[in-house]
There are 2 protein chains.
Amino acid sequence: MVVQTELSDAEVDRIFHALADATRRDIVRRTLVGDASVSSLAADYAMSFAAVQKHVAVLEGAGLVTKTPRGRERLVRADPEMLARAQRLLDAYAELWRGRVERLDALIAEDT
Amino acid sequence: MVVQTELSDAEVDRIFHALADATRRDIVRRTLVGDASVSSLAADYAMSFAAVQKHVAVLEGAGLVTKTPRGRERLVRADPEMLARAQRLLDAYAELWRGRVERLDALIAEDT
DNA sequence: CTAACGTACAACCAAATGGTTGTACAAACG
DNA sequence: CGTTTGTACAACCATTTGGTTGTACGTTAG
């Protein structure tokens, strides 16, 4: 889509795909506030631990989240740098669309 | 993720999924500027007409795009209202993340 | 009218997704 | 020590995805 951004098409694909699932969005939300082990995350979803592990892996692959070992646990946290890049990406789209919508509004206004 | 938005989880799923493909993002970009028939869109991608038809259907299902018949053609255009809703959704995420990042920045600043 | 064009839709296929269970292993607990 | 906890990973499965080709049908052009 060649919006102003430093992200490749494949990275944008991965980011949007990672966010296209309610469980994964919830994991991002929770790890935004503070760290959480994979099992503590898994405790709140009606699916197996392994399934949650996979969701975390998808988020990790998109760079939205990082995992750091602490003892036998793996702490998951939202990665601020990648979130900032994703944020700029979303801003770029929002801005693009805003421009389009305002242009349409202007056309409608002219019609009156 | 329960961000401030009027969209259901399933709708958010569909929107992000629709945007998780470079061809579909390109179609949105092109129909943002002006209408385009499905075949005129398809002419620019290295895939069959039917494949492009399916991509348009995904965008349509997400509400990002509408199709209106004109003669034998079907004109595709980005839907301003849904784009505005998607824009607010993206804004909400960006804002959420911005808050988190700024909070982290503040913590780092305190450490110095 | 006939031919070409634009679309719809079904059938099919390979690969990816999203889930499961089972096994293995290191770390923490008692 | 042995047991439980947290994780990793493989195998498996059903469904979805993203692509294909082929057929049918209305619309436009000659």
Side-chain angles (χ1 to χ4, degrees), chain A residues 1 8-31 34-78, chain B residues 1 8-31 34-78:
Chain A
M1 183 144 177
S8 74
D9 265 14
E11 288 173 309
V12 177
D13 283 4
R14 269 182 255 122
I15 290 173
F16 276 123
H17 172 252
L19 294 175
D21 179 282
T23 301
R24 287 197 291 264
R25 286 193 301 275
D26 196 59
I27 291 175
V28 171
R29 180 187 58 77
R30 292 173 64 186
T31 58
D35 301 44
S37 71
V38 181
S39 55
S40 73
L41 289 171
D44 291 349
Y45 304 113
M47 68 185 72
S48 68
F49 171 81
V52 175
Q53 247 184 335
K54 286 191 184 182
H55 281 305
V56 171
V58 170
L59 290 167
E60 209 182 359
L64 292 172
V65 131
T66 58
K67 252 187 327 184
T68 43
R70 191 186 60 184
R72 65 185 162 190
E73 296 182 322
R74 297 293 180 275
L75 296 184
V76 181
R77 80 171 62 197
Chain B
M1 183 146 177
S8 74
D9 265 14
E11 287 172 311
V12 176
D13 284 4
R14 269 181 254 122
I15 290 172
F16 276 123
H17 173 252
L19 294 175
D21 179 282
T23 301
R24 288 195 292 262
R25 287 194 300 276
D26 196 59
I27 292 174
V28 170
R29 182 187 59 77
R30 293 173 65 187
T31 57
D35 301 43
S37 70
V38 180
S39 55
S40 73
L41 289 171
D44 291 349
Y45 304 113
M47 68 185 71
S48 69
F49 171 80
V52 174
Q53 246 184 336
K54 286 192 184 180
H55 282 305
V56 171
V58 170
L59 289 168
E60 208 181 0
L64 292 173
V65 130
T66 58
K67 252 187 328 184
T68 41
R70 191 186 58 184
R72 65 184 161 191
E73 296 181 325
R74 296 294 179 277
L75 295 184
V76 181
R77 79 170 62 197

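Below, chains carry the letters A, B, ... as their sequence lines are ordered, and counting in each starts from 1. These numbers come from a predicted model, not from an experiment.
Look at CD on B:Glu60: it is 14 Å from C1' on C:dC9, rounded to the nearest Å. Rounded to an integer number of Å, the gap from B:Asp26 CG to D:dG18 C1' is 17 Å. Atoms CG (B:Leu19) and P (D:dT17) sit 15 Å apart, rounded to a whole Å. Straight-line distance from the CD atom of A:Glu73 to the C1' atom of D:dT4: 14 Å, rounded to whole Å. A straight line from NE2 of B:His17 to P of C:dG18 spans 9 Å, rounded to a whole angstrom. Put simply, CZ on B:Arg14 is 14 Å from P on D:dT16, counting in whole angstrom units.
Remark: A:Arg14 pairs with no residue by the salt bridge (charged side-chain N to carboxylate O under 4.0 Å, His left out) rule, at least two apart or across chains. Taking the side-chain contact (heavy atoms from CB on, under 4.5 Å) definition, one finds that B:Ala43 meets it with nothing, sequence neighbours left out. Here A:Glu73 pairs with A:Arg70 under the salt bridge (charged side-chain N to carboxylate O under 4.0 Å, His left out) rule; sequence neighbours left out. For B:Asp21, the salt bridge (charged side-chain N to carboxylate O under 4.0 Å, His left out) test picks out no residue, with sequence neighbours left out. With sequence neighbours left out, B:Ala46 forms a side-chain contact (heavy atoms from CB on, under 4.5 Å) with no residue at all. Remark: B:Thr23 pairs with no residue by the side-chain hydrogen bond (donor to acceptor under 3.5 Å, both in side chains) rule, at least two apart or across chains. For A:Arg74, the side-chain contact (heavy atoms from CB on, under 4.5 Å) criterion is met by A:Val38, A:Lys67, A:Pro69, not counting sequence neighbours.
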Listed pairs under 3.5 Å, donor-acceptor, residues 48-66 of chain A side chains, sequence neighbours left out:
{"unit_1": "A:Ser48", "atom_1": "OG", "unit_2": "A:Ala51", "atom_2": "N", "d": "3.1"}
{"unit_1": "A:His55", "atom_1": "ND1", "unit_2": "A:Arg24", "atom_2": "NH1", "d": "3.2"}

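Of all the residues in residues 36-44 of chain A, A:Ser37, A:Val38, A:Ser39 reach under 4.0 Å from DNA chain D with at least one non-hydrogen atom.
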Between the protein and nucleotides 13-16 of chain C, are there any N/O to N/O pairs under 3.5 Å, and if so, what are the atom names and distances?
none

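Closest non-hydrogen pair, A:Ala22 versus B:Asp13, comes out as N-OD1, 3.5 Å. Annotation for B:Ala20 and A:His17: closest pair CB-N, 3.4 Å, computed over non-hydrogen atoms. Between A:Arg77 and A:Asp35, the shortest heavy-atom contact is NH2-OD2, 2.6 Å.
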Tell me, for nucleotides 19-30 of chain D in 5' to 3' order, what letter each nucleotide earns: B for a base near a protein heavy atom under 4.0 Å, S for only sugar-phosphate near one, - for neither?
BBB----BBB--
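For B:Arg74, a side-chain nitrogen or oxygen approaches OP1 or OP2 of C:dA8 to under 4.0 Å. Remark: B:Lys67 is not in phosphate contact with C:dT7, judged by side-chain N or O atoms under 4.0 Å from OP1 or OP2. Look at B:Gln53 and you won't find any side-chain N or O under 4.0 angstrom from OP1 or OP2 of C:dT7.
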